[in-house]
Amino acid sequence: MSENNAQAREEVHDFIRDIIRDDLAAGRSDSVVTRFPPEPNGYLHIGHAKSMCLNFGVAEEFGGRCHLRFDDTNPVKEEHEFIESIQEDVRWLGFDWGRHLYFASDNFEALYDWACHLIRNGHAYVDDLSAEEIRTHRGSLTEPGKNSPYRDRAADESLDLFARMRAGEFSDGARVLRAKIDMASGNINLRDPVIYRILHAAHPRTGDAWCIYPTYDFAHGQSDAIEGVTHSLCTLEFEDHRPLYDWLIDNLPTPGRPRQYEFSRLNLTYTVLSKRRLTQLVAQRHVTGWDDPRMPSLAGLRRRGVPPAAIRDFVRRVGLTKSDNLIEVAALEHCIREELNQTAARRMAVLRPLKVVIENYAEDQTEELEAANHPADPAAGTRMVPFGHELYIEQADFMEDPPKKFFRLAPGREVRLRYAYFLTCREAVKNDAGEVVELRCTYDPATRGGNAPDGRKVKATIHWVSAAHAMPAEVRLYDHLFARPNPGAEGDFLDDINPDSLNVLEDCRLEPGLADAKPGEAIQFEREGYFCPDPDTAPGRAVFNRTIGLRDTWAKVRAKGGK
RNA sequence: UGGGGCGUAGCCAAGUGGUAAGGCAGCGGGUUUUGAUCCCGCGAUCCCAGGUUCGAGUCCUGGCGCCCCAGCCA
């Protein structure tokens with residue numbers, strides 16, 4: 001964490017920051033104002049984190065400011081729920097817009113006036129063509145478009161019609177306002193783009209005040225200018241819009257001259273990051289909601305237990321360019337482990353319990369053993385863990401007939417119980433089905449704490465929990481939501497959903513101190529991974545999420561045929 | 001056959017004419033009371049072909065490949 005901050009303080013270099021440095025040096029700007037401009041039609045995801053880290057990061061590095069602005073120009077898709085969740089997520093990621101919270105809808109009146117300005121100057125006209133007709137007039141990628149028959153109607157007539165559009169005289173789609181640019185342009189965005197449409201829909205903020213709404217192109221750059229934004233940073237798909245962005249600024253009496261620059265969006269393997277697809281996953285119940293821990297949404301990552309610092313670090317590491325990219329989730333997972341390794345307290349928890357009876361440990365005896373909260377950080381202190389005649393260990397830590405490289409418990413084998421004693425397996429008790437259901441073992445009282453006075457070594461240390469003191473819990477294990485690296489690359493992305501992305505373990509046994517774990521608190525279950533209490537936790541029902549497992553080289557050895 | 005971008009290792013990514021950083025993944029090895037962490041070591045004819053230059057990933061010319069654009073979405 002402290003290391004991340006130290007790195008963040010070093011001067012960051014990428015093409016956007018180079019441009020800004022140049023702008024400042026050349027006097028093209030004397031300050032830096034950026035903005036993070038979500039549309040409130042869904043939850044924020046890790047792709048947005050890249051944009052936030054850039055916009056808020058740049059503002060901080062250059063002593064400027066970053067606004068949070070909602071691009072709320074399409075009432076049919078936008079909802080209050082999203083306005084709330086987005087603010088929560090931005091704060092959680094660690095960013096602060098101060099008093100600079102804005103809405104494009106705050107500018108509706110100014111935008112309307114500017115639209116009239118355009119009409120008066122012969123730069124816009126009301127078109128009576130239908131959506132279908134406009135489309136056919138637009139031409140194709142290789143053929144120029146045709147002028148609308150209404151293109152040259154008098155400014156006064158357009159002004160009158162536009163006022164009547166606003167007054168609600170026409171139905172949805174009956175007319176639109178178009179910028180008058182060039183129907184033959186190779187850039188389709190310049191073929192008289194629609195800048196206002198009729199939408200008889202209630203807006204989350206302006207209610208029924210309007211029935212015409214500006215399009216993105218007519219709201220975004222102007223809002224930038226009104227707010228005094230100097231650098232409008234967006235993703236590559238808007239590169240084609242920049243000539244229109246500039247054209248509008250050039251033809252309107254805007255107070256400032258914002259410049260748009262584009263960078264490539266983030267893509268992750270085994271993940272889907274388009275709002276359309278994420279919305280579909282939620283709506284069709286493939287996940288439990290936007291905050292399902294398998295979702296790449298910030299709400300999902302938060303519930304999963306991913307620390308915001310890990311996300312910021314990840315974004316820093318993947319860099320900023322204009323190249324298309326598909327980053328391996330392993331890179332994200334590395335950042336999560338790195339952060340959690342430093343911050344998470346250690347505890348013991350048995351996920352798939354196997355009962356161990358210690359024959360030479362008195363049935364009514366109990367003792368408390370000291371365990372480090374973070375072996376690499378003495379300042380984290382220690383805690384006392386109860387020990388007794390019956391324990392639970394991990395089923396995977398015992399094999400009746402172990403392969404050569406298996407170091408854990410087996411009949412006749414001795415291992416160390418972490419922070420406790422050496423333990424030797426004497427016998428495996430089986431049920432009628434032939435499954436091992438209990439281990440009869442003995443311990444060596446001389447090895448208290450985990451070291452043998454005679455210098456005897458063991459090849460493995462395993463975790464355990466006292467049966468009499470254990471706290472029962474449900475633990476949810478997650479895997480990638482998609483089974484293929486690039487979901488939907490061939491066919492429907494829904495067909496690539498991983499059927500085993502969620503594995504619920506209902507009968508786990510936890511070290512009793514875990515009853516005090518706070519919601520969202522990161523804890524390492526030793527030898528298993530990083531976990532955190534889920535909000536589904538209720539009195540008498542503990543639920544933990546596995547944020548991510550520890551790296552598992554044993555799994556690799558096993559997979560390589562070590563069997 | 002239009003317009004706009006992008007091509008450096010399996011995945012990201014530095015490099016701005018002087019002889020290919022770094023991270024992730026992978027593979028070896030060491031330490032270890034977490035098969036974790038930590039530490040050490042290993043990988044590139046820079047999309048291709050010509051050209052300019054003493055010298056090219058960087059400059060020029062010509063190709064090839066990939067991405068985005070024909071919403072009254074953003």
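Residue numbering restarts at 1 for every chain, and letters A, B, ... go by the order of the sequence lines.
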*Produce a footprint string for nucleotides 67-74 of chain B: one letter per nucleotide, 5' end first; B if the base is under 4.0 Å from any protein heavy atom, S if only the sugar-phosphate is, - if neither.*
SBBBSBSB

_Please determine whether a side-chain nitrogen of the Lys or Arg among A/R265 and A/E237 lies less than 4.0 Å from a carboxylate oxygen of the Asp or Glu._
yes

*Establish, with yes or no, whether the OP1 or OP2 oxygen of B/rC27 is under 4.0 angstrom from a side-chain nitrogen or oxygen of A/K556.*
yes

*In whole angstrom, give the distance that lies between atom CG of A/D377 and atom C1' of B/rU37.*
13 Å

*Which part of the nucleic acid does A/F422 contact within heavy-atom distance under 4.0 Å: base, sugar-phosphate only, or nothing?*
nothing

*Salt bridge flag under 4.0 Å for residues A/R456 and A/E414*: yes

*Take the protein atom CG of A/D313 and the nucleotide atom C1' of B/rC24, then report the distance between them rounded to whole Å.*
12 Å

_So A/F218 and A/V194, do their side chains get closer than 4.5 Å, heavy atoms only?_
no

_Would you say A/H463 places a side-chain N or O within less than 4.0 Å of OP1 or OP2 belonging to B/rU34?_
no

*Assign A/R418 to base, sugar-phosphate, or nothing according to its heavy-atom contacts below 4.0 angstrom with the strands shown.*
base

*Whole-Å C1' distance, B/rA14 and B/rG51*: 28 Å

*Remember a base hit wins even if backbone is also touched, and classify A/D127 as base, sugar-phosphate or nothing at under 4.0 Å, heavy atoms.*
nothing

*OH of A/Y261 versus C1' of B/rG5: gap in Å, rounded?*
17 Å

*At under 4.0 Å between heavy atoms, what does A/E143 touch on the DNA or RNA strands: base, sugar-phosphate, or nothing?*
nothing

*asked:* I need the CZ-P distance between A/R416 and B/rA36, as an integer number of Å.
replied: 15 Å

*Would you please enumerate the stems RNA chain B participates in, each stem being three or more consecutive Watson-Crick or G-U wobble pairs with both distances under 3.5 Å?*
B:2-7 with B:64-69, B:10-12 with B:22-24, B:26-30 with B:38-42, B:47-51 with B:59-63

_Nucleotide nearest A/T321 when distance is taken to its side chain, options B/rG23, B/rA13, B/rG35_ = B/rA13

*asked:* Does the Lys NZ or Arg CZ of A/R166 fall within the cation-pi geometry relative to A/Y112 - under 6.0 Å from the ring centre and within 45° of the axis?
replied: yes

*Please step through side chain to side chain contact (heavy atoms under 4.5 Å, CB included) for the pair A/D552 and A/L550, ending with a clear verdict.*
CA-CA 6 Å; A/D552 188 356; A/L550 257 26; over 6 Å; no

*Kindly indicate whether a cation-pi arrangement holds for A/R277 with A/F493, taking the cut-offs as under 6.0 Å to the six-membered ring centre and within 45° of the axis.*
yes

*Provide, to the nearest angstrom, the distance between the CG atom belonging to A/N325 and the P atom belonging to B/rA14.*
11 Å

*Take atom P in B/rG4 and the same atom in B/rC42, then report the distance between them in whole Å.*
46 Å

_Just the rounded figure in Å: distance from C1' of B/rC11 to CD of A/E328._
4 Å

*A/L326 side chain, from C-beta outward: closest of B/rU34, B/rC12, B/rA25*: B/rC12

_Classify A/R408 by what it touches in the nucleic acid, base, sugar-phosphate, or nothing, heavy-atom distance under 4.0 Å._
base

*When the P atoms of B/rC11 and B/rA44 are considered, how many whole Å apart are they?*
16 Å

*Would you mind calling B/rG22 syn or anti? Take O4'-C1'-N9-C4 for purines or O4'-C1'-N1-C2 for pyrimidines, and syn is within 90° of 0.*
anti

*Donor-acceptor contact present, side-chain A/E338 to main-chain A/H334, <3.5 Å*: no

*asked:* Just N and O in the side chain of A/R551: are any of them under 4.0 Å from OP1 or OP2 of B/rU37?
replied: yes

*With A/H203, which of A/W210, A/F108, A/F70 fulfils ring pair (Phe, Tyr, Trp, His ring centres under 6.0 Å)?*
A/F108

*Given the C1' atoms of B/rU1 and B/rG57, what is the spacing between them in whole Å?*
33 Å

*Does a salt bridge link A/E511 with A/R383, judged by any charged N lying under 4.0 Å from a carboxylate O?*
yes

